[in-house]
Amino acid sequence: MALDPGESPGFLLWHATLRWQRDIAAALAPLGLTHVQFVLLACAWWLNGQGEHPNQLALARQAGTDVKMTSQVLRTLEGKGLVEREVDPADTRAKRLRVTDAGAALAPRAIEAVEQVDARFFRPVAVDAAIALLGRLAHPEP
């Protein structure tokens with residue numbers, strides 16, 4: 001039997017996701033970033049901070065994004081002067097990613113803006129409960 005839309009977990013998740021995405025987009029717009037640009041910049045910045053200089057494939061895996069789309073967005077971030085792609089000495093076909101000084105200055109500001117949105121958005125739910133549920137949904141056990 002079909003559920004009322006207000007009783008459908010998927011439908012409610014859809015609406016919650018749309019609201020969250022609108023809030024994230026609004027927070028990032030003054031910084032000149034789209035949501036996907038933010039995710040890739042933040043992941044690259046974090047990986048660089050761990051001493052890693054990932055190639056595009058490794059960044060896409062970290063971010064959970066499509067490899068081709070990642071390449072296109074990285075071109076945009078490179079054009080904005082936020083990341084640089086350098087030839088990997090171990091594999092000249094691959095490009096290693098390095099966040100520029102401008103990207104390293106912007107990334108923490110963008111992360112703070114997104115974390116503020118997350119804090120407001122998830123306020124009705126205990127943080128540990130939200131993380132547990134979303135972790136199970138994002139990475140279900142086989």
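Only this structure's heavy atoms are used, side chains among them; waters, hydrogens and symmetry mates stay out. Numbering starts at 1 and runs along the sequence shown.
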Q) Who pairs with His35 by ring-ring contact (aromatic ring centres under 6.0 Å, His included), at least two apart in sequence or on another chain? A) Trp20
To the closest 0.5 Å, what do you measure between [atom1] ([X]) and [atom2] ([Y])?
| X | Y | atom1 | atom2 | answer |
| --- | --- | --- | --- | --- |
| Arg19 | Ile24 | CZ | CD1 | 11.0 Å |
| Glu78 | Ser71 | CD | OG | 9.5 Å |
| Leu18 | Leu13 | CG | CG | 9.5 Å |
| Asn55 | Arg93 | CG | CZ | 10.5 Å |
| Lys95 | Leu59 | NZ | CG | 15.5 Å |
| Phe121 | Arg22 | CZ | CZ | 9.5 Å |

Q | Exam field: side chain Thr70 to backbone Gln56, donor-acceptor pair closer than 3.5 Å | A |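 Judged by distance alone, no pair lies under 3.5 Å.
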Q: Output yes when a side-chain donor or acceptor of Asn48 lies under 3.5 Å from a complementary backbone atom of Glu52, and no otherwise.
A: yes
Atom of [X], atom of [Y] and distance for their closest heavy-atom approach:
| X | Y | answer |
| --- | --- | --- |
| Gln37 | Gly32 | OE1-O, 3.7 Å |
| Leu31 | Ala110 | CD1-CA, 3.5 Å |
| Ala104 | Val99 | N-CG1, 3.2 Å |
| Gly81 | Ala102 | O-CB, 3.8 Å |
| Leu41 | Leu77 | N-CD1, 4.1 Å |
| Leu57 | Val67 | CD1-CG2, 3.6 Å |

Q) Does the side-chain contact (heavy atoms from CB on, under 4.5 Å) test come out yes or no for Leu97 and Leu74, once each step is laid out? A) CA-CA 9 Å; Leu97 302 167; Leu74 284 171; 3.7 Å; yes
**Q.** Verify same cluster id: Trp46, Ile111 (apolar side-chain graph, 4.5 Å)
**A.** yes
Q: Determine, using the 4.5 Å side-chain heavy-atom cutoff (strictly less than), whether Leu134 and Val117 are members of one ILVMFWY cluster.
A: yes
Q: Just do the side-chain contact (heavy atoms from CB on, under 4.5 Å) check on Arg75 and Gln72 with the steps written out, would you?
A: CA-CA 5 Å; Arg75 268 189 238 114; Gln72 293 170 347; 3.8 Å; yes
Q | Side-chain ion pair, Arg96 and Glu86, N-O less than 4.0 Å | A | no
Q | Note: Lys68-Asp66 ion pair, threshold 4.0 Å (strictly below) | A | no
Q | Verdict with reasoning, Phe38 to Val114, per side-chain contact (heavy atoms from CB on, under 4.5 Å) | A | CA-CA 9 Å; Phe38 160 73; Val114 167; 3.6 Å; yes
Q) Is there side-chain contact between Thr65 and Leu40, with heavy atoms separated by less than 4.5 Å? A)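 Touching, per the 4.5 Å side-chain cut-off.
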Q. Below 4.5 Å, heavy atoms only, C-beta onward: do Pro108 and Trp45 meet side chain to side chain?
A.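 When only atoms from C-beta onward are counted, Trp45 and Pro108 do touch, with a gap below 4.5 Å.
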Q | Atom CG of Asp91: over 12 foreign heavy atoms under 6.0 Å | A | yes
(Q) Between Val36 and Met69, does the side-chain contact (heavy atoms from CB on, under 4.5 Å) criterion hold? Intermediate values first, please. (A) CA-CA 9 Å; Val36 70; Met69 184 268 301; 3.6 Å; yes
